[in-house]
Number of protein chains: 2
Amino acid sequence: MIAPSQPATPDPAHADQCETRHPIDLEQVRALNVSVLTADKAQQMAELFAVLADPNRLRLLAVLAERELCVCDLAALVKLSESAVSHQLRTLRDRRLVRYRKQGRKVYYSLKDQHIFDVYRAVADHVDEPED
Amino acid sequence: MIAPSQPATPDPAHADQCETRHPIDLEQVRALNVSVLTADKAQQMAELFAVLADPNRLRLLAVLAERELCVCDLAALVKLSESAVSHQLRTLRDRRLVRYRKQGRKVYYSLKDQHIFDVYRAVADHVDEPED
DNA sequence: TTTATATATGAGCAATCGCTCATGTATTCA
DNA sequence: TGAATACATGAGCGATTGCTCATATATAAA
């Protein structure tokens, strides 16, 4: 899921053209950036956002926020095939956004990561605002 | 960017198998889901998350959070080609996450959408937490 | 045990993404 | 005016995504 971005051509020919006009400030910014957001952390964040970047997964999370549900019911609710839902649940499981428990031949899924659902809700509110 | 998810095969053969055991509750959940998260809104949210689902765009946003910067400087800071940065800035512009102003032949970009940057920060904090 | 149900998963395909490379367009400088 | 700089953009390629379809597994029902 999102291969770590290849370094492209290492330090493109560009080099020290336009940015050397104010080299000190830029070094400060780079220092801040590197410490606050390393390549590794950017990668982790991107992978988390990627899980939320699909309308069907968002719909699954939305119904799971209301109640625990089995795969079959989820498929009926979001109108997807059970296979498609199962695949989607796998990526939600892998990213630990949901938990599950088996009961008989059914598997009941529920929301696990409240932090991420807060993010969901923040964006849900955001897209409703007209101030675009 | 993220084509509206095709309805797949409309209402897969699945139909009324497992979910008809508790039809009333599921109708309630579906009603909630549809009103809270329509297909259209899920699509909008997914597109927003998709913008954040790339490590290089996150790095651009991170440095833009520190200060206004031109394309050339951004390229130097995130170590990408200016063309790649320009392409990325286009998607950030299209989604109104950044603003820009021209000054001579340079174009200075800055953060525009504070709400989305709050989301950025929430996820940045989240990935640092050990409680996984 | 045999059959059906509920879910998981691998292969594979069409669509999308993010880059490079080539090129176009302003703007500045000589 | 002509060359160089800063940026934008289209084409196109390799990688990734999200589905379907076929198939596997586990549990329940007959």
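In what follows, chains are A, B, ... by sequence order, proteins preceding strands, each numbered from 1. On a predicted model such as this, the values are computed, not experimentally measured, just so you know.
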For atom [atom1] of [X] and atom [atom2] of [N], their distance in whole Å:
X	N	atom1	atom2	result
Glu82(A)	dC19(D)	CD	P	14 Å
Asp54(B)	dC19(C)	CG	C1'	10 Å
Asp73(A)	dT5(C)	CG	C1'	14 Å
Asp94(B)	dC17(C)	CG	P	12 Å
Leu92(B)	dC17(C)	CG	C1'	14 Å
Leu69(B)	dA6(D)	CG	P	15 Å
Tyr108(A)	dT5(C)	OH	C1'	13 Å
Arg59(A)	dC19(D)	CZ	P	11 Å

My understanding is that only residues two or more places apart in sequence, or in another chain, count here; which of them pass side chain to side chain donor-acceptor pair (under 3.5 Å) with [X]?
X	result
Asp128(A)	Lys41(B)
Asp113(A)	His126(B)
Glu68(A)	Arg101(A)

Query raised in the report: Starting at the 5' end of DNA chain D and moving along, which residue's nearest nucleotide shows up first, Ala84(A) or Tyr100(B)?
Result: Tyr100(B)
Does [X] put a side-chain nitrogen or oxygen below 4.0 Å from OP1 or OP2 of [N]?
X	N	result
Ser81(B)	dT20(C)	yes
Asn56(A)	dG18(D)	no
Gln88(A)	dC19(D)	yes

**Report entry** Candidate pair Arg59(B) and Gln88(B), rule side chain to side chain contact (heavy atoms under 4.5 Å, CB included), full reasoning
**Finding:** CA-CA 11 Å; Arg59(B) 287 157 61 86; Gln88(B) 296 289 35; over 6 Å; no
Report task. Indicate, with a heavy-atom threshold strictly under 4.0 Å, whether Tyr109(B) touches base, sugar-phosphate, or nothing. Result -> sugar-phosphate
Query raised in the report: Going by the ring-ring contact (aromatic ring centres under 6.0 Å, His included) test, which pairs reach into residues 55-83 of chain B, not counting sequence neighbours?
Result: none
Report summary line: Residues pairing under ring-ring contact (aromatic ring centres under 6.0 Å, His included) where one sits in residues 73-107 of chain A, two or more places apart or in two chains, turn out to be Tyr100(A)-Tyr109(A)
Requested in this report: Return the nearest nucleotide to the side chain of Arg93(A); candidates are dC19(C), dC19(D), dA8(C).
Outcome: dA8(C)
Query - For Asp94(A), side chain to side chain contact (heavy atoms under 4.5 Å, CB included) partners two or more places apart - result: Arg90(A)
Can you give me the N/O atom pairs linking the protein to nucleotides 24-30 of chain C at distances under 3.5 Å, or say none if there are none?
none

Query raised in the report: Which is it for Val51(A) and Ile116(A) under the side chain to side chain contact (heavy atoms under 4.5 Å, CB included) test, yes or no, and what are the steps along the way?
Result: CA-CA 10 Å; Val51(A) 179; Ile116(A) 291 306; over 6 Å; no
Strictly under 3.5 Å: I want the nitrogen or oxygen pairs between protein and nucleotides 10-12 of chain D, one per line.
{"residue": "dG10(D)", "atom": "OP2", "partner": "Arg90(B)", "partner atom": "NH2", "Å": "3.4"}
{"residue": "dG10(D)", "atom": "O6", "partner": "His87(B)", "partner atom": "NE2", "Å": "2.8"}

Report task. Applying salt bridge (charged side-chain N to carboxylate O under 4.0 Å, His left out), name anything that partners Arg93(A), two or more places apart in sequence or on another chain. Result -> none
